[in-house]
Amino acid sequence: MNGLWKPLAPVLACCGLLLAWQFASLGLKNDSFPTALDSLRAIPPILTDKESLINILASLRRMAIGFALALAFSIPLGLLMGRSRSTAAFFNPLLMLIYPVPKAALMPIIMLWLGVGDVSKTLVIFLGVSLPVIYHSFEGAKAVEEKMLWSGAAMGLSPPERLLRIVLPAALPEILTGCRTGLVLALITMVTSEMIARQSGAGNILFNALDMGQYDTVFAMIIIIGAMGICLDAAFEIVRRWLVRWSEPQFDMPLSFS
Amino acid sequence: MGVTPIRPGQLAGVPLGRRAATPIIEIDHVSQVFKTSSRRDHTALSDISLTVGEGAFVSILGPSGCGKSTLLYIVGGFVSPTSGTAKMKGKPITGPGTDRGPVFQEFALFPWKSVLGNVMYGPLQQGMKPAKAAALARTLLAMVGLTGFEKFYPKELSGGMKQRVALARTLAYGPEVLLMDEPFGALDAHTRTRLQNDLLDIWERDRKTVLFVTHSVEEAVFLSDKVVMMSRSPGRIREVIDIDLPRPRRRDELLLDPRYQKYIVEIERMFDASGDNELPS
């Protein structure tokens, strides 16, 4: 029973949600709230339309670039902050200042400076992803056992080598937790950036359809973006598990041997 | 073989009945002062002078808070003393080095590396070829009784096994001095006894210099040539006792040996008399 229930649970949850949606929509009879069935029917035309696909791929490309750049910048910075008090003292107030600002709120200014093209949108994604990754890298690096670093030092590792070869792997589980949050934020900032700078992308399709009153397309896009989020997160989780298999809880049962 | 406390106005003496050994570690008037959270000065170590001869097994014994681990960290180069100097083979210690290998109570293994990867780490860092490093690591793992566990991750091992890996990892890069910081402190009594026996067996093979921090009187007497007794607040050396028991030592023989028992009782009495009575565990 239990073994069968587990893989089926998410499927049942989705079906339940769609059913509730279907009945709510039929009951409300509102034009701006299409039924689940109509929305699902609107998905294939979007996914077979060349222009829509180009838009969605452009979104994903910006997201990938913004995400990658953010990791390349944030992980080293977070690790340095975690191991060097002066670096942390310098960057912490700056980050605390930026942290609560919704990154999409910076979009109009960024557009003013950099235009409505890829650069602005990628920059907003970069900003959205950076902070959680910096924060988790910082916390991860701070928690690295001093004695582990001493052991490395006694083996002749220089301070930069210790950062790269001890702090980085030791903090990896925490860093990847930050990356996972960052990935979802990348998706969110990607859509919001396209909502503000309407030129191309998945968000653009969504808001154009909204303007034209094509509500089934709007909801279809919401489903597509949601599905992209689920797939990206699941793919990331597989990579994460593999990278930190040495720290996974299935190993928590130690062997009995002195 | 010998440790000699150098007191002001006294030359480093050689204990009677023992062969003089070249000093390998010289600690000269070392003091360590920490700032506490309330911004007061806390003297962890006060004017410590100690010489450790090459090949000696020396224990530093004292109650918690007497600064015995700090002294070990100073020799390791992980902590710089507030005043005084520590020397390794005549050269002032300015930082960690492969000539001094630490083994910590917390094991401090690299959890992302397998058992074999942990032991190979030091030799690889020194530029040894991977195949050769792996062979060396396997030999050392066999020595500490862990053949067959090469592919395990530290998380899959018990405390005793982790400490065996940590010892093999440190031995792998060939330090001249082993710095052991309460290595068996986190282990249960049975495991602890087994590791003490195995450590002595390993030590008998090449008689590396060992500086061993512990708060267990039995452990110190069983393992050591010398026991350096420390007292706390501030951390000072109060006595250095030669343990004149035959080697190789066997636990069952020693337990029947009145000399062994006499050392233990004598040391415990000295700690009791000083009011440092939290000592025996």
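Hydrogens, waters and symmetry mates play no part in the numbers below; they use all other heavy atoms, side chains included. Throughout, protein chains are lettered first and strands after them, A, B, ... in sequence-line order, and every chain is numbered starting at 1.
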- Item | Smallest separation among heavy atoms of Arg100(B) and Ala154(A), with atom names | O-CB, 3.9 Å

- For Arg165(A) and Phe110(B), what are the C-alpha separation, side-chain angles and deciding distance, and is it a side-chain contact (heavy atoms from CB on, under 4.5 Å)? CA-CA 10 Å; Arg165(A) 292 179 46 201; Phe110(B) 303 138; over 6 Å; no

- Query: How long is the gap from CD on Glu146(A) to OH on Tyr73(B), to the nearest 0.5 Å?
  - Reply: 10.0 Å

- Contact class of Phe78(B) relative to chain A, heavy atoms under 4.5 angstrom: both

- Task: Kindly indicate whether the side chain of Trp246(A), heavy atoms from C-beta on, has any atom under 4.5 Å from the side chain of Lys113(B).
- Result: no

- With a 4.5 angstrom heavy-atom cut-off, which part of Ile166(A) approaches chain B: side chain, backbone, both or neither? both

- Query: Heavy-atom distance under 4.5 Å to chain A: side chain of Asp181(B), backbone, both or neither?
  - Reply: side chain

- Query: Which answer fits Leu109(B), side chain, backbone, both or neither, if we ask what part of it has an atom under 4.5 Å from a heavy atom of chain A?
  - Reply: backbone

- Any side-chain heavy-atom pair from Leu243(A) and Trp112(B) closer than 4.5 angstrom? no

- Where does Leu157(A) contact chain B at under 4.5 Å (heavy atoms): side chain, backbone, both or neither? both

- What is the distance from atom OH of Tyr121(B) to atom OG of Ser151(A), rounded to the nearest 0.5 Å? 11.0 Å

- Highest number of heavy-atom pairs under 4.5 Å with chain A among Pro96(B), Pro175(B), Pro111(B) belongs to Pro111(B)

- Query: Above 12 or not: heavy atoms from other molecules or residues under 6.0 Å from CZ of Phe222(B)?
  - Reply: yes

- Message: Need one label for Glu106(B): side chain, backbone, both or neither, based on atoms under 4.5 Å from any heavy atom in chain A.
- Response: both

- Message: If you count heavy atoms of other groups shown closer than 6.0 angstrom to CZ of Arg205(B), is the number above 12?
- Response: yes

- What heavy-atom pair brings Met155(A) and Gln125(B) nearest, and what distance separates the two atoms? O-CG, 3.2 Å

- Taking Lys147(A) for its side chain and Ala108(B) for its backbone only, find out whether a donor-acceptor pair lies under 3.5 Å. no

Ignoring hydrogens and angles, write down the donor-acceptor pairs under 3.5 Å from the side chains of residues 141-148 of chain B, residues two or more places apart or on other chains.
none

